[in-house]
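Note on naming: letters A, B, ... go to the chains in the order of the sequence lines (proteins, then strands), and numbering restarts at 1 for each one. Because the structure is a prediction, the values reported are computed rather than measured.
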Amino acid sequence: MSTSETDTKQATANFIRTIIDDDLQSGRHTSIVTRFPPEPNGYLHIGHAKSICLNFGLARDFGGRCHLRFDDTNPAREEIEYAESIKENVRWLGFDWGEHLYYASDYFAQLYQWAEQLIRQGDAYVDDLSADEIRAHRGTLTEPGKESPYRNRPVEENLDLFRRMRAGEFPDGARVLRAKIDMASPNLNLRDPVMYRILHAPHPHAGDAWCIYPMYDYAHGQSDSIEGITHSVCTLEFESHRPLYEWFLVRLGIYRPRQYEFARLNLTYTVMSKRKLLQLVQDGDVAGWDDPRMPTLAGLRRRGYTPGSIRTFCERIGVGKSDSWIDMGVLEECVRDDLNANATRAMAVLRPLKLVIENFPEGDVEEFTAANHPQRPELGSRQIPFCREVYIEQDDFMETPVKGFHRMAPGQEVRLRYAYIVKCTEVVKDGEGNVVEVRCTYDPDTRTGGPAAGRKVKGTIHWVSARHAVTAEVRLYDRLFSVPHPDKGGQEYKSFINPRALEVLPAARLEPGLADAAGESRYQFERQGYFTVDARDSRLGAPVFNRTATLRDSWSREQSA
RNA sequence: UGGGGUGUCGCCAAGCGGUAAGGCAACGGACUCUGACUCCGUCAUCCCGAGGUUCGAAUCCUCGCACCCCAGCCA
């Protein structure tokens with residue numbers, strides 16, 4: 001088990017921190033309040049983690065607080081289950097909103113009152129145009145829009161109509177409430193945006209109290225205002241909404257938080273849009289939202305990523321405003337850093353090849369002491385059994401070794417980690433010429449700690465005693481897509497799904513101590529990579545391991561170069 | 001061809017008029033009973049381009065170029 005909760009590195013500067021520094025120094029604010037505002041309509045992914053770490057991190061570093069607020073203004077697509085999973089994910093990531101859990105839907109009554117205020121001020125009107133007509137009136141990027149014929153209704157009529165909308169007198173889509181701004185604005189968001197739509201649908205949090213629901217633009221800024229948010233941090237696509245965000249607050253005459261936008265995360269070798277992620281799940285390309293190949297937090301967790309490694313990642317990639325693509329290798333390197341420092345080591349043979357030690361007594365069992373972590377003696381050690389027949393990795397044997405190969409080969413000596421130096425004497429093949437067994441002799445003096453233990457051999461390989469081994473399923477995961485930008489450039493992104501993103505090894509052999517590995521225990525299988533127990537499919541005595549990441553391997557890279 | 005943004009090393013990213021931080025990757029080398037880890041070293045005379053201001057510019061001005069976002073009763 002390993003989770004580093006100690007990421008105390010100095011956060012690098014970014015424009016938002018600079019702004020906050022200035023605000024605190026100038027006295028504009030004495031403390032800050034941020035918020036993470038997900039819509040409960042799907043599962044959180046690594047892109048959300050960037051926002052979570054940013055918002056909660058800002059609050060933590062500047063001694064403020066961060067709210068968790070569900071932006072639940074559209075009952076048509078939201079569900080309670082999503083909200084629950086979001087809470088769980090945020091907690092798992094290591095953040096705590098304390099008492100500050102909010103729902104935009106809890107502000108519906110206030111929002112409604114404010115809408116009436118805007119109507120009375122002549123800043124909003126009920127429009128009878130259909131959705132299609134509104135679109136047609138909106139104009140284009142280069143042409144101004146046209147005003148709705150209902151735009152100049154008297155205040156009393158607007159009030160009456162809006163109240164009747166709220167009372168449920170009209171069917172879905174019959175009318176909307178619009179802000180009366182400017183149909184000729186070069187910023188399309190200001191061309192009389194819709195504030196309320198009629199939706200006869202129960203709300204997962206507000207129940208059946210409403211049949212009209214506010215739009216994001218009308219709800220978000222005011223929610224921020226109600227909560228006293230000082231710095232409302234969102235992604236770049238909301239930049240052009242900022243004038244609208246401010247317009248409502250100014251017209252309402254209420255506290256004005258400030259909105260700042262940063263670039264959302266793009267990661268190579270995966271896709272991040274909810275639509276595509278959903279499609280992968282629905283089409284069965286992956287086993288679910290928590291499939292270890294998915295960039296969802298649930299998926300990463302099941303893959304074996306630690307919360308700390310994801311926080312490190314978010315710190316490492318920085319925060320800016322330029323569209324950026326982070327290489328998947330950065331994320332992978334972050335788990336390796338964490339797991340290298342914290343994961344206990346174990347020996348596991350993924351693709352077994354039997355090795356018979358001819359001069360080792362048939363029934364004997366010897367025990368060796370293996371360090372749980374070579375660099376951290378305080379993590380202790382364990383005893384591992386050794387006998388005449390062991391399994392070694394198929395890759396660790398070559399009948400005709402290539403240049404530079406220093407593992408096992410005919411006539412060649414190699415060390416069995418923590419045990420003896422052995423020398424290959426014979427290769428046994430089946431009828432088709434496949435190597436099915438390797439035979440060797442061992443040198444008793446080379447036992448770890450023995451008189452000839454210091455003898456230099458070219459390589460050290462891992463092994464597992466055949467008689468004591470635990471057989472387990474091991475799932476080798478790799479990147480979901482085989483190209484860096486699956487959703488760029490003409491071709492359907494699905495055609496780039498990496499067919500080798502999952503390889504199931506039904507009968508890997510593990511050292512006996514791993515039989516009862518449980519929970520989300522994480523290990524480094526020496527010379528292989530980092531593996532975690534699959535919390536869902538494992539049973540006591542029959543663990544299933546997921547590969548989180550491989551170890552860096554300069555040998556195979558050299559070979560494929 | 002409207003509006004809003006962004007352009008600093010392969011990928012991120014500091015820098016805010018005083019002469020290019022850092023991380024990741026890469027490449028050398030040391031160490032090693034994990035070809036892992038760790039350690040040492042190398043890696044932008046140059047900041048999208050062209051002019052200009054200045055003793056001095058990535059940082060200021062001008063004109064270009066490229067890319068991203070906006071025409072949901074989604075968020």
Side-chain angles (χ1 to χ4, degrees), chain A residues 9-10 12-14 18 37-39 41 71-74 76-78 127 129-132 134-136 138-145 172-178 184-191 193-199 213 215-217 219-220 234-243 261 263 268 274 315-327 329-330 333-334 336-337 340-341 345 347 371 374-375 404-407 414-419 421 446 448 453-462 484 524-529 550-558:
Chain A
K9 282 186 299 282
Q10 182 84 50
T12 57
N14 63 54
T18 303
E39 180 186 17
N41 73 337
D71 229 329
D72 54 350
T73 57
N74 187 353
R77 23 191 274 170
E78 294 155 11
D127 195 349
L129 255 26
S130 69
D132 284 345
I134 286 179
R135 187 180 315 118
R138 190 151 24 227
T140 68
L141 294 179
T142 52
E143 300 160 313
D172 288 4
R175 291 177 226 264
V176 292
L177 182 71
R178 291 230 256 169
S185 172
N187 181 345
L188 303 213
N189 295 121
L190 262 22
R191 319 245 262 227
V194 171
M195 293 166 57
Y196 274 92
R197 75 283 219 182
I198 299 171
L199 239 39
Y213 292 95
M215 299 287 290
Y216 164 86
D217 283 307
H220 200 86
C234 62
T235 44
L236 247 29
E237 65 269 27
F238 293 102
E239 212 152 17
S240 58
H241 291 241
R242 197 192 322 137
E261 310 85 11
T268 58
K274 274 182 188 170
E315 198 54 57
R316 226 173 244 190
I317 60 177
V319 178
K321 298 193 69 159
S322 59
D323 295 302
S324 56
W325 282 87
I326 306 296
D327 196 279
V330 178
E333 196 53 29
C334 289
R336 287 197 190 98
D337 277 358
N340 173 53
R345 276 52 329 189
M347 292 206 282
Q375 281 78 41
F405 182 82
H406 46 236
R407 276 110 95 154
V414 71
R415 183 186 303 277
L416 295 181
R417 167 142 250 229
Y418 293 122
I421 290 174
T446 58
T448 296
R455 201 160 93 214
K456 294 296 172 198
V457 289
K458 287 185 201 162
T460 298
I461 62 175
H462 60 280
Q524 182 199 85
F525 288 172
E526 293 204 40
R527 304 206 313 129
Q528 299 284 197
T550 61
L551 246 35
R552 301 189 77 182
D553 184 355
S554 57
W555 165 248
S556 71
R557 283 171 27 146
E558 191 181 309

Do any N or O atoms of the protein come closer than 3.5 Å to N or O atoms of nucleotides 40-43 of chain B, and which pairs are they?
none

Check nucleotides 9-12 of chain B for protein N or O atoms closer than 3.5 Å to its own N or O atoms and list the pairs.
unit_1: C11(B); atom_1: O3'; unit_2: Trp325(A); atom_2: O; d: 3.2
unit_1: C11(B); atom_1: O2'; unit_2: Trp325(A); atom_2: O; d: 2.7
unit_1: C12(B); atom_1: OP1; unit_2: Trp325(A); atom_2: N; d: 2.9
unit_1: C12(B); atom_1: O5'; unit_2: Trp325(A); atom_2: O; d: 3.4
unit_1: C12(B); atom_1: O2'; unit_2: Ile317(A); atom_2: O; d: 2.5

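Closest to the side chain of Ala131(A), out of U6(B), G35(B), C73(B), is C73(B). The nucleotide whose nearest atom lies closest to any side-chain atom of Ala13(A) is, among A75(B), A14(B), U34(B), A14(B). Side chain of Gln375(A), nearest nucleotide from A75(B), A36(B), A14(B): A36(B). Of the listed nucleotides (G5(B), G15(B), C73(B)), G5(B) has the atom at the smallest distance from the side chain of Lys321(A).
Close to U34(B), at under 4.0 Å from its OP1 or OP2, lies no side-chain N or O of Arg415(A). Using a 4.0 Å cut-off, no side-chain N or O of Arg197(A) falls inside it from OP1 or OP2 of G72(B). When the side-chain nitrogen and oxygen atoms of Thr460(A) are compared with OP1 and OP2 of G35(B), none of them lie within a distance under 4.0 Å. For Ser185(A) and G3(B), the shortest distance from a side-chain N or O to OP1 or OP2 is not below 4.0 Å. Distances shown here put a side-chain N or O of Arg557(A) below 4.0 Å from the OP1 or OP2 atom of A26(B). OP1 and OP2 of U38(B) both lie 4.0 Å or more from every side-chain N or O belonging to Arg336(A). Of the side-chain N and O atoms in Arg552(A), none sit less than 4.0 angstrom from OP1 or OP2 of G35(B). OP1 or OP2 of G35(B) has at least one side-chain nitrogen or oxygen of Arg527(A) nearer than 4.0 Å.
Arg77(A) has its CZ atom 4 Å from the C1' atom of C74(B), to the nearest Å. Across the protein-nucleic acid pair, Arg407(A) atom CZ and U34(B) atom P stand 13 Å apart, rounded to whole Å. One interatomic measurement links the two molecules: CE of Met195(A) to C1' of C74(B), which rounds to 17 Å at whole-angstrom precision. Straight-line distance from the CG atom of Leu141(A) to the P atom of G5(B): 16 Å, rounded to whole Å.
Distance noted for atom C1' between C68(B) and G28(B): 39 Å (whole Å). Comparing the same atom, P, in A14(B) and in C60(B) gives a spacing of 16 Å after rounding to whole Å. G49(B) sits 48 Å from U34(B) when the P atoms are compared, rounded to a whole Å. G35(B) and C67(B) have their P atoms separated by 47 Å, with the value rounded to a whole Å.
Annotated as anti: G49(B), whose O4'-C1'-N torsion sits more than 90° from 0.
Within a 6.0 Å radius of NZ in Lys458(A), no more than 12 heavy atoms belonging to other residues, nucleotides or ligands are found.
For Arg242(A), the side chain to side chain contact (heavy atoms under 4.5 Å, CB included) partners are Glu239(A), Glu246(A), Gln259(A), Glu261(A), not counting sequence neighbours. Scored by the side chain to side chain contact (heavy atoms under 4.5 Å, CB included) test, Thr140(A) finds Thr142(A), Glu143(A) as partners (sequence neighbours excluded). In terms of the side chain to side chain contact (heavy atoms under 4.5 Å, CB included) criterion, residue partners of Ser240(A) (sequence neighbours excluded) are, by chain and number, Asn187(A), Asn189(A).
Within the nucleic acid shown, His241(A) comes within 4.0 Å of at least one base atom, counting heavy atoms only. Base contact: Gln524(A) has a heavy atom under 4.0 Å from a base atom.
The two atoms that bring Thr73(A) and Tyr213(A) nearest to each other are O-CB, 3.5 Å, heavy atoms only.
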Dot-bracket notation for RNA chain B, counting Watson-Crick and G-U pairs under 3.5 Å, with | for partners on another strand: .(((((((.[[[..)..(...]]].(((((.......))))).....[[[[[..)....]]]]])))))).....

